[in-house]
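Here's the structure we're looking at; comments come further down.
Order of appearance sets the numbers: ligands from 1, and atoms from 1 within every ligand.
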Amino acid sequence: MKITRIFTAALAALGLSGAAIAAESNGHEVEKHDWIFNGPFGTFIDGDNNERNSVQRGFQIYQEICASCHSLNQLSFRNLGEAGGPFASEEFANPNDNPVVMQVAANWAYQARDVDTDTGEAIERTPRVSDRFPWIFENAYQARGTLGALPPDLSLIVKARSGGADYIRAFLLGYTDHAPEGVTVGPGQYYNEAYPGNIVAMAPQLFEDRVEYADGTAATPEQMADDIVTFLAWAGDPHMEARKQLGVMVLLFLLLFSVLVYLAYRQIWENVEH
Ligand code: HEC
């Protein structure tokens, strides 16, 4: 790695550099996007009154589109209403009482599955706030059989892919109708410019107006990609805001502490020749 790259990466990590540095994913360059959660002060808040509009819209996309194939099995419904979550509310500090979260769980399109401890059979029931998001498929075998490939769990996908959020966005927007000459795209396969290897078993999903946003935002493919990736970034790191806040406090403390130590040093050595 060249020293300039290390330097720009360090600057980018600190969020000090406004320059667009192309992120890299398996040798592919992907377009760098300006995310609200980037940098040491980045949060998921984008409304004037601490609303998390983009994360909320992203959840709508997951619910209405992605959930018909992909699991999100590291998350429970209650996480949506916890501090920093899309439906966090000051009024309902306990997410179990949050009416939005309760409604999402009760109306989830797929049933929760318990195992009958006597017979070993699965019992389906309406999901509760404390449940993980139930998956449409019973298991990976069924998913692969139905879709021709296993859709990866999306809970940690932003962290799991090199290029992170920028790559996932590029992937969702990377479909083209025409594969380059000489490339054969088989049945059930699609050509995607961002996907390593380019041939993927997931059909393009983000068409103009595919969803009707609850907040009236125009549902362009780019808008939908930004929102679902912001939601997935939150899902993979739900305590990011608290962590960053603590980091800033620690740095402030260290700064103050250094000043105190320096003043103490001056005072102790004040009358000593050195
Ligand atoms: C009709 C089913 C279906 C839907 C709907 C769907 N996907 Fe997929 N997705 C798949 C399958 C199948 C794969 C695995 C493709 C493969 O391995 O070739 C996949 C793969 C992926 C990957 C992994 C790409 C990689 O680099 O490995 C991501 C990210 C992804 N999907 C995100 C999404 C998002 C976000 C949505 C909602 C906007 C969505 N998918 C909707 C079926 C689906």
Side-chain angles (χ1 to χ4, degrees), residues 22-31 33 35 37 44 54-75 80 86 104 108-110 133-176 179 183-214 217-237:
E24 221 174 79
S25 162
N26 299 314
H28 291 250
E29 296 259 311
V30 295
E31 191 191 329
H33 187 70
W35 300 103
F37 51 84
F44 293 111
S54 183
V55 186
Q56 287 185 6
R57 287 193 299 266
F59 175 66
Q60 192 184 340
I61 299 276
Y62 174 70
Q63 189 175 19
E64 292 182 18
I65 306 177
C66 322
S68 49
C69 294
H70 289 272
S71 57
L72 193 65
N73 60 26
Q74 300 294 314
L75 279 198
L80 298 172
V104 170
W108 195 246
Y110 315 110
F133 284 92
W135 191 23
I136 179 174
F137 298 111
E138 272 172 43
N139 49 49
Y141 181 77
Q142 192 194 38
R144 203 181 275 116
T146 311
L147 300 172
L150 181 67
D153 182 70
L154 293 184
S155 323
L156 292 169
I157 198 81
V158 171
K159 288 181 181 273
R161 291 292 179 270
S162 70
D166 294 323
Y167 165 71
I168 307 290
R169 179 177 186 276
F171 167 72
L172 292 170
L173 298 173
Y175 289 90
T176 50
V183 178
T184 325
V185 181
Q189 295 185 325
Y190 305 87
Y191 192 85
N192 185 304
E193 284 176 343
Y195 187 70
N198 301 121
I199 306 284
V200 67
M202 173 175 137
Q205 299 294 327
L206 303 182
F207 308 109
E208 195 83 30
D209 294 330
R210 168 104 194 246
V211 300
E212 193 174 323
Y213 275 133
T217 303
T220 61
E222 286 78 16
Q223 181 71 50
M224 290 190 275
D226 292 356
D227 292 337
I228 180 64
V229 173
T230 304
F231 170 73
L232 292 175
W234 168 77
D237 195 359

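For ligand 1, the atoms sitting less than 4.0 Å from at least one non-hydrogen atom of Tyr195 are 16 (C), 17 (O), 18 (O), 24 (C), 25 (C), 26 (O), 27 (O), numbered in the order shown with element in parentheses. Within ligand 1, the atoms closer than 4.0 Å to a non-hydrogen atom of Val200 are 15 (C), 16 (C), 18 (O), numbered from 1 in the order shown. Within the listing of ligand 1, atoms 5 (C) sit less than 4.0 angstrom from a heavy atom of Ser68.
The salt bridge (Lys or Arg N to Asp or Glu O under 4.0 Å) check on Arg169 picks up Asp226, with sequence neighbours excluded. Scored by the salt bridge (Lys or Arg N to Asp or Glu O under 4.0 Å) test, Asp237 finds Lys159, Arg243 as partners (sequence neighbours excluded). With sequence neighbours excluded, the residues satisfying side chain to side chain donor-acceptor pair (under 3.5 Å) with Gln205 are Arg210.
Within the 4.0 Å heavy-atom criterion, the part of Arg161 lying near ligand 1 is the side chain and not the backbone. For Ile228, every heavy-atom contact with ligand 1 shorter than 4.0 Å involves the side chain, none the backbone.
Panel note: side chain Ser155, backbone Asn73; a donor-acceptor pair is recorded below 3.5 Å.
Geometric assessment of Arg57 against the ring of Tyr213 yields a positive cation-pi assignment under the 6.0 Å and 45° thresholds.
Take a cut-off of 2.8 Å around atom 8 (Fe) of ligand 1: the protein N, O or S atoms inside it are His70 NE2, Met202 SD.
In terms of protein heavy-atom proximity, atom 18 (O) of ligand 1 is closest to Ala201 N, 2.9 Å. Among protein heavy atoms, the minimum distance from atom 12 (C) of ligand 1 is reached at Ala149 O, 3.5 Å.
Residue Tyr167 holds the heavy atom nearest to atom 26 (O) of ligand 1 of all those in Phe171, Tyr62, Tyr167.
Rounded to the nearest 0.5 angstrom, Ser71 OG and Phe137 CZ are separated by 10.0 Å.
Phe133 and Trp108 have their aromatic ring centers within a separation under 6.0 angstrom.
Remark: the Asp166 side chain and the Trp35 side chain contain an N/O donor-acceptor pair separated by less than 3.5 Å. Side-chain atoms of Glu138 and Gln142 include no donor-acceptor pair closer than 3.5 Å.
The heavy-atom pair separating Val55 from Phe44 by the smallest distance is CG2-CB, 3.7 Å.
Taking a 4.0 Å cut-off on heavy atoms, Leu150 registers as neighbouring ligand 1.
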